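Read through the structure below, which is laid out as structure tokens, and then see the notes.
Fair warning: this is a prediction, and the values are worked out from it, not measured in the lab. Within every chain, numbering begins at 1; the chains are lettered A, B, ... in the order of the sequence lines, protein sequences first and strands thereafter.
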Protein chains: 2
Amino acid sequence: MPVSSPSAGPSQVAEPRWLDADEQKAWRAWLYSSLLLQDRLDRDLTHVTGISHAYYEILVALSETPGRMMRMSELADRCLSSRSRLSHAVSRLEERGWVRRQVCAEDGRGQLAVLTDEGFAALEAAAPVHVESVRTHLFDQLTPQQVENMRDIGETLLRHLDAPTP
Amino acid sequence: MPVSSPSAGPSQVAEPRWLDADEQKAWRAWLYSSLLLQDRLDRDLTHVTGISHAYYEILVALSETPGRMMRMSELADRCLSSRSRLSHAVSRLEERGWVRRQVCAEDGRGQLAVLTDEGFAALEAAAPVHVESVRTHLFDQLTPQQVENMRDIGETLLRHLDAPTP
DNA sequence: GTAGCGTAGTTGAAGACTGAAGTATTCCGC
DNA sequence: GCGGAATACTTCAGTCTTCAACTACGCTAC
């Protein structure tokens, strides 16, 4: 990982701020649990419904919007996705008949991704599976205090990470 | 996301245990911060050193072992990687001259991945970059109490996730 | 010793992600 | 109203990941 020095030797520029043993424990616990949880949730969902978590997020985002449609860029931001990635994903969802593209009336450059009725139905079928998975692997494991702490940490990190870096 | 019901309608099987508003906030904060942090750390590292976080983990794992070598399966487990994924990755690292494969003496079926001196040097160069990134985006943002909570939550989840599911 | 089975690891094809380059449209100043 | 810059999105080529074969070796029992 990030980690302690691979050797004990001094380093080239300013001496790196290596992690001490406790920091490493904390960092690895966080990293591994994140990776394993994401993986587990994605596999649960994909295995049962055939919808990956990435696709699921797109469907959810669209479903929550008035008219069940959204500009491609806005949707990409909402799903923490690059434009390119979203464009590919929406093409796949179009092939499944769950989303269709529509030129944006106000801006001829823009496209709207629109959730179809089939897409909405697929989402309705998948949602209970996913929520159960999140309950089982996350909320059922944590005390209310831990959930509150998790939110606090998450929001703290988000305030930092969302801000564009200079 | 996982989430509240896409419609308000009742559901097919046992009524799903939907997340309430606070739970959703907590869940999304956790998920988004995880994704953004991983993404940021990976980009920082890849951009500066040309080593992705996945490859970095492999090099670190090997470097921490006596003889700087490890069985493929053990390495895969350690890196939360599938056998296949690790096998491909090690092939790429071999092309870079950072790792080499060696048949395992005790078990003719097995292979050892061995970190070369060039690989170790690459890791030594990358480590300060990565640790600085982890400091900046994670530890510098959190209070000692939050770090402790993060570790507590991570370890709690790991105890659940590491256990094989029946 | 060899059949049958399990384990270790690799491979190949298909899908997904990335960054850079490409196309189309709008915005802006003159 | 027109040239140039900016914006919105897509496409391309390359890399990574996954899943399902597949190869090769070891173990056990006959």
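Side-chain atoms of R71(B) lie closest to dA8(C) of the nucleotides dT18(C), dT17(D), dA8(C). Nearest nucleotide to the Q111(A) side chain, out of dT10(D), dC17(C), dC16(D): dT10(D).
Results of the side-chain contact (heavy atoms from CB on, under 4.5 Å) test with E132(B) over V134(B), V129(B), T136(B) single out T136(B) as the only residue that passes.
Proximity of a side-chain donor or acceptor of Q102(A) to a complementary backbone N or O of A113(A) within less than 3.5 Å is not detected.
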Decide side-chain contact (heavy atoms from CB on, under 4.5 Å) for L62(B) and M69(B); before the verdict, give the C-alpha distance in whole Å, the side-chain angles of both, and the deciding distance to 0.1 Å.
CA-CA 6 Å; L62(B) 290 176; M69(B) 57 181 62; 5.5 Å; no
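In this structure, the side chain to side chain contact (heavy atoms under 4.5 Å, CB included) partners of S52(A), at least two apart in sequence or on a different chain, are D42(A), T46(A), A54(A), Y55(A).
Between the side chain of S84(B) and the base of dT11(C) there is at least one donor-acceptor pair of N/O atoms closer than 3.5 Å.
Taking the six-membered ring where the residue is Trp, H53(B) and H130(B) present tilted rings, their angle falling between 30° and 60°. Between H137(B) and H160(A), the ring planes lie tilted relative to each other; the angle falls in the 30° to 60° range.
Within residues 87-102 of chain A, the residues approached by DNA chain C to less than 4.0 Å at the level of any non-hydrogen atom are H88(A), R92(A), in residue-number order.
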Shorter than 3.5 Å, N or O on both sides, protein versus nucleotides 22-26 of chain D: list them out with atom names.
from, atom 1, to, atom 2, distance (Å)
dG26(D), OP1, G108(B), N, 3.0

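Regarding contacts with the backbone of dC19(D), a side-chain N or O of R43(A) is found under 4.0 angstrom from either OP1 or OP2.
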